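As structure tokens, the structure follows; a few thoughts come after it.
No experiment lies behind these values; they were computed from the predicted model shown.
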Amino acid sequence: NAVYLSILMVGVTMTAAIARQSRDIALLRAVGATPGQIRRSVARQAAVVAVPAATLGFAIGLGGGWLWLAALVDHGLMPAAVRYAPAPAVLPMVIGIEVATSVVGALVAAIRPARVPPATALSETATRRPAGGALRTAIGLVLLAGGTVLSVLVSGLAADAADDAALFVILSMCVGVGLLGPVLIGAAARLTRPLLR
């Protein structure tokens with residue numbers, strides 16, 4: 001389920017990111033770039049962004065796992081003898097899964113832009129409003145904040161009730177991150193650009 005969810009989230013995020021690059025893609029198509037070249041370019045972008053994103057996510061996950069275990073012990077759901085033992089050796093596996101799911105999601109998102117005829121692509125970019133914007137970012141932030149508040153509320157519920165309510169926390173967080181995808185991808189690209197030079 002986590003892999004399918006990752007592909008879905010990356011697909012939604014890359015669709016928004018590609019929409020912002022629609023003029024560039026249209027110009028590439030106009031000067032002779034093939035659909036295959038467009039798809040490979042999008043896949044490379046996703047792979048380059050996936051590596052630092054997976055590494056950062058792994059680091060955040062280590063801290064979150066430690067806090068989660070501490071909360072379980074505090075609530076009496078885990079014995080105090082249980083110790084948190086992170087496994088840094090898992091990082092290459094995490095990066096591999098993230099790169100694979102990112103490339104698949106990006107390829108799915110690139111199907112239509114790569115197939116649109118150059119003239120149609122150029123006319124669409126001239127008439128279409130820019131994708132994303134302040135409203136999309138605001139909704140994404142509200143959903144992330146809502147997911148955080150829900151997770152705090154759910155932590156105080158009984159185990160059965162918390163299990164049922166956790167789905168709403170996951171959906172809120174995932175959709176929020178998906179809406180913030182273009183902003184997050186732009187930030188990751190700015191961070192990795194000096195390394196790629």
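Sorted by first and then second residue, the side chain to side chain donor-acceptor pair (under 3.5 Å) pairs involving residues 48-72 (not counting sequence neighbours) form an empty list.
Residues satisfying the side chain to side chain contact (heavy atoms under 4.5 Å, CB included) criterion with R115, sequence neighbours excluded, are I111. The side chain to side chain contact (heavy atoms under 4.5 Å, CB included) search around L143 returns I139, S172, V175, L179, not counting sequence neighbours.
L107 has its side chain out of reach of V42: every pair of non-hydrogen atoms, C-beta onward, lies at least 4.5 Å apart. No side-chain heavy atom of T34 sits less than 4.5 Å from a side-chain heavy atom of R39.
Its side chain within the 4.5 Å cluster rule, L153 clusters with V149 among the Ile, Leu, Val, Met, Phe, Trp and Tyr residues. Other residues sharing the hydrophobic cluster of I60, ordered by chain and number and joined by side-chain separations under 4.5 Å: L56.
Here the CG atom belonging to L28 is positioned 4.5 Å from the CD1 atom belonging to I38, to the nearest 0.5 angstrom. Between the CG atom in L67 and the CG atom in L72 there is a gap of 11.0 Å [rounded to 0.5 Å]. Taking CZ from R136 and CG from L141, the interatomic distance works out to 12.0 Å, rounded to the nearest 0.5 Å. Expressed to the nearest 0.5 Å, how far CD1 of I97 lies from OG of S102 amounts to 11.5 Å.
For the residue pair M173 and G147, the shortest heavy atom distance occurs at CE-C, 3.5 Å. Across every non-hydrogen atom of G32 and Q37, the tightest pair is O-OE1, 4.1 Å.
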Distance-only donor-acceptor pairs under 3.5 Å for side chains of residues 77-93, two or more places apart:
unit_1: R83; atom_1: NH1; unit_2: A80; atom_2: O; d: 2.7
unit_1: Y84; atom_1: OH; unit_2: L62; atom_2: O; d: 2.9

